[in-house]
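Throughout, protein chains are lettered first and strands after them, A, B, ... in sequence-line order, and every chain is numbered starting at 1.
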There are 2 protein chains.
Amino acid sequence: MERDTPQRRAIREALTRAGRPMSPAEVLDAGKALAAGLGIATVYRNLKLLTESGWLCPVDLPGETTRYEVSGKPHHHHFLCRECDRAFEVAEHCSGNHRFSAPSGFRVEAHEIVLYGVCATCTN
Amino acid sequence: MERDTPQRRAIREALTRAGRPMSPAEVLDAGKALAAGLGIATVYRNLKLLTESGWLCPVDLPGETTRYEVSGKPHHHHFLCRECDRAFEVAEHCSGNHRFSAPSGFRVEAHEIVLYGVCATCTN
DNA sequence: AGGCCGTCGATAATCTATTATCATATCCCA
DNA sequence: TGGGATATGATAATAGATTATCGACGGCCT
């Protein structure tokens, strides 16, 4: 069965607190503050476990390494800061019902919107 | 200076004919039909050169290896077929002026829309 | 408290994509 | 047409991300 370890707790806590998709390296950094000595292998192991259990959800952004975010959130998109390279959540807004048109014969089943720019922290 | 070789011609021709973003491997396959013996190293070399010269434009899609498309096209987005893993161009349609909202303090400078589904060929 | 077995950290190994190397071939100007 | 600079193809090397290995540690059930 699955055990309750300080490391696993730290990883979950880091992701919950951040409230945004994090890369394994980011999780490692944030997790170290909560569990000294945390190793990258442990981070990868737990990201995998938590994803398989459904608690986490992988987020792929163009040209970026996979991030992970706590699942269960309503449909939303992502924002990538060009300065600090951090990803953020962006609430679905744009009139909810855009119709994405593809050439005839194509069946659109999902879409992904990625915004690029500068985040609040880096703007200052 | 830059020479005119059958290989370089084949690579350009393959990309032009396809009319969609292609991965290096796809360019190699298509290019072999136009220049027998074409090697992957030559493909990478020329994709780089053509990109630096502005003739090609890199296309990054989430979780996918970089594709390349002939540049100079009007603003558009991309469609990725879940069956054959090929990328296609999709004309900008959705009323042109969506406003993408990000949290206050965030500056949105660009956006990317990726559609997922099944292409016309794979639907049949 | 004892002990089993999941977990950890360090690091080696792997994997995929891309670039470098180098001997050979070839384009193109003189 | 001759010859040198550029290009090519096979393959080795590199780079970055992720996974496997393995001895030691430590939750947690009894």
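Y44(A) and L15(A) end up in the same hydrophobic cluster when Ile, Leu, Val, Met, Phe, Trp and Tyr side chains are linked at under 4.5 Å. One hydrophobic cluster, built from ILVMFWY side chains closer than 4.5 Å, holds both L28(A) and L56(A). In the hydrophobic clustering of this structure, F106(A) does not group with V118(B); members are Ile, Leu, Val, Met, Phe, Trp, Tyr whose side-chain heavy atoms approach within less than 4.5 Å, directly or through other members.
Here the options are K73(B), H78(B), R20(B), the test is side-chain hydrogen bond (donor to acceptor under 3.5 Å, both in side chains), and the partner is E89(B); only K73(B) passes.
Ion pairing of R67(B) with E69(B) is absent here, as no side-chain N (NZ or NE/NH1/NH2) approaches a carboxylate O to less than 4.0 Å. We find that E13(B) and R17(B) are joined by a salt bridge, their nearest charged nitrogen and carboxylate oxygen being less than 4.0 Å apart.
Taking atom CG on L49(A) and atom C1' on dA20(D), their separation rounds to 15 Å, with Å as the unit. In this structure, E64(B) atom CD and dT16(C) atom P are separated by 14 Å, rounded to whole Å. The distance between atom CZ of R9(A) and atom C1' of dC28(D), rounded to the nearest whole Å, is 13 Å.
Residue K48(A) places its side chain closer to dT19(D) than to any other of dT8(D), dC8(C), dT19(D).
At the phosphate of dA7(D), neither OP1 nor OP2 sits under 4.0 Å from any side-chain N or O atom of Q7(B). Note on N46(A): every side-chain N or O is 4.0 Å or more away from OP1 and OP2 of dT7(C). For the pair R8(B) and dT8(D), the criterion of a side-chain N or O lying under 4.0 Å from OP1 or OP2 is met.
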* Using the side chain to side chain contact (heavy atoms under 4.5 Å, CB included) rule, take T66(B) and V59(B) through it: C-alpha gap first, then chi angles, then the decisive distance, then the call. => CA-CA 6 Å; T66(B) 301; V59(B) 175; 5.9 Å; no
Would L50(A) and V70(A) count as a side chain to side chain contact (heavy atoms under 4.5 Å, CB included) here? Give the steps. CA-CA 9 Å; L50(A) 293 169; V70(A) 178; over 6 Å; no
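Axis orientation changes by 30° from one end of the helix from dA1(C)-dT30(D) to dA30(C)-dT1(D) to the other, with each end axis drawn from 5 pairs and the value rounded to 10°.
Classification of the H77(B)-H111(B) ring pair by plane angle, with boundaries at 30° and 60°, yields tilted.
Between the SG atom in C119(B) and the CD atom in E83(B) there is a gap of 8.5 Å [rounded to 0.5 Å]. Distance SG/C81(B) to CG/L115(B): 12.5 Å, rounded to 0.5 Å.
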Nucleotide by nucleotide, nucleotides 23-30 of chain C touches protein heavy atoms under 4.0 Å in the pattern (B base, S sugar-phosphate only, - none) ---BBS--
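You won't find any donor-acceptor pair under 3.5 Å spanning the side chain of R45(A) and the base of dG6(C), going by distance alone.
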Atom pairs under 3.5 Å, N or O on each side, protein against nucleotides 13-18 of chain D: can you list them with distances?
from: dT18(D); atom 1: OP2; to: Y44(A); atom 2: OH; distance (Å): 2.5

